[in-house]
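Taking it in order: structure first as structure tokens, then the write-up.
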Number of protein chains: 2
Amino acid sequence: MLKTVIDMEKATVILKLLGDKTRLTMMKILDDQSCCVCEFVEIFKASQPSISQHLRKLRDIGLVQEERKGQWIFYSVNKENEYYPFVQQILNQLPSQDDKLKELEEQGTRITCC
Amino acid sequence: MLKTVIDMEKATVILKLLGDKTRLTMMKILDDQSCCVCEFVEIFKASQPSISQHLRKLRDIGLVQEERKGQWIFYSVNKENEYYPFVQQILNQLPSQDDKLKELEEQGTRITCC
DNA sequence: TGATTATATAAGTAAATAGTTATATTATTA
DNA sequence: TAATAATATAACTATTTACTTATATAATCA
């Protein structure tokens, strides 16, 4: 197994970002599939600016990336990121959050443009 | 390999605690050996109350434990803690902090009572 | 036993963080 | 092209966090 070593400074920054329930759940969801902002608004029952600001923080350090598809902007995990292996090891220990998106599908609020 | 799954709530709390450079470094050091408060004060060039408060937070959620030895109180990682495997996987990805204690030994400020 | 050393805790302060409201931007649709 | 929908950003506010200063406790030492 490849042993990844990350510097303490960067590890701290990443752990601080993941030390928030909304962002940690976002990352776990995004690790499986991409998701648009309005879906997160539904999932977390949070305001749009609040979701947008969480995503921005994750994007600013390169953990996620955005891609516009028409009027929607989809976010996905940037698996090319230098620190992704570090994050992945954490995410792997978390329970699946599939149910969150399943609920949206049942409600019919999942974006299905793609 | 045993797959540990930790609930999101608890994971968030632990990651938030580890998302601080002082506490993260403390945990990495303690993962190898026990250490007393005054050694941390030296290592981090921080005030005694500040160190004491960081250790209290780690102790409050059970990640470390204290043991009095005379006038000193030694802290060590509580490897029996339910969430230790989660923490350990994170710590394993961090660079060794042995040099921090080595410096103290060279200065002669390492506590050698035990 | 009085002084010193190690540590903890409480109270106060400054900085960081998360959320809100308001507004701007960009794309789609009528 | 005007209205609507999705998203981002800015400014403000409330909460949380980390650190400081002051004080308390407990052990050791002279």
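Chain letters run A, B, ... following the sequence lines, proteins first and then strands; every chain starts at 1.
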On a heavy-atom basis, which atom in [X] and which in [Y] lie closest, and how many Å separate them?
X	Y	value
K79(A)	Y84(A)	CE-OH, 3.5 Å
V5(B)	L94(A)	CG1-C, 4.1 Å
C35(B)	L30(B)	CB-CD2, 3.6 Å

Base dA6(C) paired with Q48(B) side chain (donor-acceptor, <3.5 Å): no

Strictly under 4.0 angstrom, non-hydrogen atoms only: write out the protein contact profile of nucleotides 10-16 of chain D, one letter per nucleotide from the 5' end, B, S or -. B------

At under 4.0 Å between heavy atoms, which parts of nucleotides 25-30 of chain C does protein reach? Answer with one letter per nucleotide, 5' to 3': B base, S sugar-phosphate only, - none. --SS--

How about N78(A) and Y83(A): does a side-chain donor come under 3.5 Å of a side-chain acceptor? no

According to a strict under-4.0 Å criterion, is [X] in side-chain N/O contact with OP1 or OP2 of [N]?
X	N	result
S47(A)	dT20(C)	yes
Y75(B)	dA6(C)	no
H54(B)	dC19(D)	yes

Taking the axis from the first five pairs and the axis from the last five, what angle separates them in the helix from dT1(C)-dA30(D) to dA30(C)-dT1(D), rounded to 10 degrees? 10°

With a 4.5 Å heavy-atom cut-off, do [X] and [Y] have their side chains touching?
X	Y	value
V77(A)	L63(A)	no
D98(A)	Q33(A)	yes
E82(B)	K10(B)	no

What's K57(B) touching, base or sugar-phosphate or nothing? Going by heavy atoms closer than 4.0 Å. sugar-phosphate

At under 4.0 Å between heavy atoms, what does F40(A) touch on the DNA or RNA strands: base, sugar-phosphate, or nothing? nothing

Take atom CZ of F44(B) and atom P of dT7(C), then tell me their distance rounded to the nearest Å. 14 Å

Nearest whole Å is fine: how far is dT7(C) P from E66(B) CD? 11 Å

Salt bridge present between D20(B) and K57(B) (N-O < 4.0 angstrom): no

Whether S50(A) side chain and A46(A) backbone form a donor-acceptor pair below 3.5 Å: no

